[in-house]
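As the structure is a computational prediction, the values presented were derived from the model and not from experiment. Protein chains get the first letters and strands the later ones, always in sequence-line order, with residue 1 at the start of each.
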Amino acid sequence: MQVNLIGPADAQIMLVGDAPSEEDSKTGLPFSGTPGRTLDNLLTQAEIARYKCLLTNVAKEYPPAGRISYFFEDKKCTIPKPKLQYWVDELKADLELYRPNIIIALGPIALWALTGEKKISIFRGYILPCKLVKGLKIIPIYSPQSVTYDWKLYFQTVIDFRKALTHSKFPEIPETKSIFLPNVGLQRFITYMEECMEHPEWDKLAIDVETVQPGSHIEELGLSHHPDFGISIFLLKGRAPALPEKDELLLWQTFAKLITMKKLVMQNGAYDTGVLWFNQHILCKDLYMDTLIAAHVCWPELPRDLGFLGSVCLDVKPWKGGSAKDQDYNPADAANTLGIAEVLDIELDKQKVRPTFEFEMSLIPVALMMQLQGIKVDTEIQAKLIEIWTKKRDKMLSELNTIVGREINFNSSQQMQVLLYDELKLPVQWKRRKSKNQKRTKTVDAAAIRKLSRLVPDNPIFNLFLDYKKANTLLKFLDVKLSENDTVHTSYNITGAASDDEEDTKKTKRSFGRWSSSGSIILPFGSGNLQNIPPEARKMYKARKGWKIIEADYAQAEAVIVAHLTGDHKLKKMFKDSFGLSNSEKTALGYDIHKMTIADMLGIDFSLVTKEIRTIGKTVRHANSYSAGPTVLANRLGIKLSEAKVYMELYHRANPTLRIWHTSIQNDLKRSRTLTNLLGRKHRFLDRWGDGLFRSAYSYIPQSTIGDLLNVALKKVYDSLSSLPYEMEILLQLHDAIYVMIKDENIDHTVRHLRKLMLNPLTYYGEEFIVDVDFKVKTSWAEGEELDISWRSEELKNGFV
DNA sequence: GATTTTACGTA
DNA sequence: CGTACGTAAAATCT
């Protein structure tokens, strides 16, 4: 059935979809099926009354199998068939008749018909002029179908509908008064900087640098004192300097003076300030706002690239990802960063999250220092390790080839599938799916191989294959490029993922407040991420001669937090009683969470718990804390599913508070979809309602609290460096551990110093508690010993506990 | 050549 | 039906 336009003639809003759904074509009404119900939900959230809107589609019929390309001559959907062209003309007539203030293009075909553009992911949220009927304005928004399919789009789509509502009050396209002066000469640029200095009321200054790799040399420098103005100058033309040396010096001198007088604003300032320091030796001391950080704190679940933030915060033309190579790019970035900053400044207070923002801003210097400093590799050990493991790997590879009888690429999952499942006819292992309606896919990952090796015990190929893969992976961590000084570097990302991929706006950004670590663009040496180096590869990170590496990590950190969240009195008491004791004292007195777990589960005496039984306790607690299932437990312990189920039930009987806590988390989510960790960091969970969402939420408070707790301490350690009577290098941040390097004679002082800075009380429902810290003294990142210090008497004096 | 999929390292 | 993160190689798309 044909589905025609409906709605009141005086409507201010018109919704245009791509084509009716199958259900719509039965009822003859647009947006009446399942996506229609999603649309209702979205409109309600945005406070738009559906009955006041005109509803229609570009295509008026449901295409066979829902494939919109049916209405086009070509696959790429650029040349419409006559029928579709007729409908487009009909749409044009409707637009001329009703002339709504805003037309919402719900999907790529609607966007194409109305504006000629295709990429909804780039243009969504931006106000565009209508090409079909001049003088009307369009806002592209993800279709309800896309939201139904990918629930993570929900929140930003509601924001877009709210923007549409605002624009429905008036017909005009907001005029852009922006002035962009790209690529100006030296005189003009310096005059501008002087003008800024003469106007103290222009209190904010946005800075944006474009760089060329390798080396992150500054190619273009953009400035803006007002959201409607941006200016830029080129420092490089290709690889050659664009300015005479004298002129460039004058430029940087003026710039250095200017930045001391302004509140500085940047997008991802850790990078720009890093480059300015590394290449120009200009220190941006007080960054007023990093819009990446502000956006992360306000909307941790949304993308944070400038294009997205512009679409949400501003009423400007889309300036990112457009087809034309725009020379305004850099000055527009600077101006829009300033505009976004003004919006976020208000949003931070509205959401009452400024303390978290200030905290994250204060971490920029320490994160940057750690990136630029890097950590040193012992090249002799590195060479030796590479040699050993290359030999081992090659030997295993030739053995594998002999067994198989021909050469295959064991790194190819496809070739492995052919070998194992087609030729050897082994039982196919399927990959775990996120939901039942996902398609089943085969897998040959390590877990699958281990399962096969249990099913076919006498075949050596499985273990050989696993060992080969291990060696191969390890070599990637060993065989890395080093800087001139034999160092490797990593970029610590305070907001988690750097997130500047403009294409992939679908991916919601999580970031639970923990730092992530990725390859440094400024100093591209090492394997990039330094938070996932395996133990064997850690051997090549040696302490300097006469120095030691101190590892300080929070003891049983997540378990302590969970004990308090769940109100598990017995466990809380155990942690409190064992606080400040040495490890040998803890062992002697039986303060062992995993032993306690299994003893309680089985109702046996502590003394009867063997090492093997303890492992069961450890694994069961772990599985349950994160709400894993019995299958996982069975696999991990190598036991029957039925046995695993019994263990899980025994655990819950001994620890009844866990399930109650899980229920309370679900209730919190139901109320606001928002959780707040013990240090005030908020996170809104936007995934589709269900177990996946719950599991993610259960892990949020423990994980993010520890992340923040560690960074509070890290900041204190950084701030203490200048007043320490000896040299200390901060080497690594590993989520719940800090690594520093000091001379041998300073071990004692360092340990006391770190402990004091790291023991910071947490509060939950009025009850204060402290997560204990363990120390190791190491000769390399891998090798060293645990310190067995009893702090109890010492700290009783100092008023701890 | 660019993007997606698969697998795997850490906390 | 642990989660969080980033990277590399293979596979696939254009």
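- Contact annotation: S516(A) side-chain N/O to dG6(C) OP1/OP2 distance is under 4.0 Å.
- For the OP1/OP2 pair of dA7(B) and a distance below 4.0 Å, the side-chain nitrogens and oxygens of T443(A) include at least one atom meeting the criterion.
- The side chain of N532(A) places no N or O atom within less than 4.0 Å of a non-bridging phosphate oxygen (OP1 or OP2) of dA11(B).
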Annotated structure of DNA chain C as dot-bracket, pair cut-off 3.5 Å, Watson-Crick or G-U only, | for inter-strand, is ..|||||||||||.

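- Considering only residues two or more places apart in sequence or on other chains, K715(A) meets the salt bridge (charged side-chain N to carboxylate O under 4.0 Å, His left out) condition with D719(A).
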When the side chains of residues 408-417 of chain A are checked against the rest of the protein, which donor-acceptor pairs come out under 3.5 Å, sequence neighbours left out?
residue: N409(A); atom: OD1; partner: N411(A); partner atom: N; Å: 2.9
residue: N411(A); atom: OD1; partner: N472(A); partner atom: ND2; Å: 2.9
residue: S412(A); atom: OG; partner: Q414(A); partner atom: N; Å: 3.4
residue: S412(A); atom: OG; partner: Q415(A); partner atom: N; Å: 3.0
residue: Q415(A); atom: OE1; partner: N409(A); partner atom: N; Å: 2.8

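- In this structure, Q414(A) reaches the dT12(C) phosphate: one of its side-chain N or O atoms is under 4.0 Å from OP1 or OP2.
- Between dT3(C) and R695(A), a contact under 4.0 Å exists linking OP1 or OP2 to a side-chain N or O.
- Residues forming a side chain to side chain contact (heavy atoms under 4.5 Å, CB included) with N624(A) (at least two apart in sequence, or on another chain): V620(A), M648(A), Y651(A), H652(A), L658(A).
- The shortest distance between the side-chain N/O atoms of S412(A) and the OP1/OP2 oxygens of dA11(C) is below 4.0 Å.
- Contact annotation: K469(A) side-chain N/O to dA7(B) OP1/OP2 distance is not under 4.0 Å.
- Contacts classified as salt bridge (charged side-chain N to carboxylate O under 4.0 Å, His left out) and involving residues 776-786 of chain A (residues at least two apart or in different chains) are given here: E551(A)-K776(A), E551(A)-K778(A).
- Residue-environment remark: NZ (K640(A)) stays at or below the threshold of 12 foreign heavy atoms within 6.0 Å.
- Residue N624(A) is out of contact with every strand shown, counting any heavy-atom pair closer than 4.0 Å.
- Less than 4.0 Å separates DNA chain B from no heavy atom of any residue of residues 415-424 of chain A.
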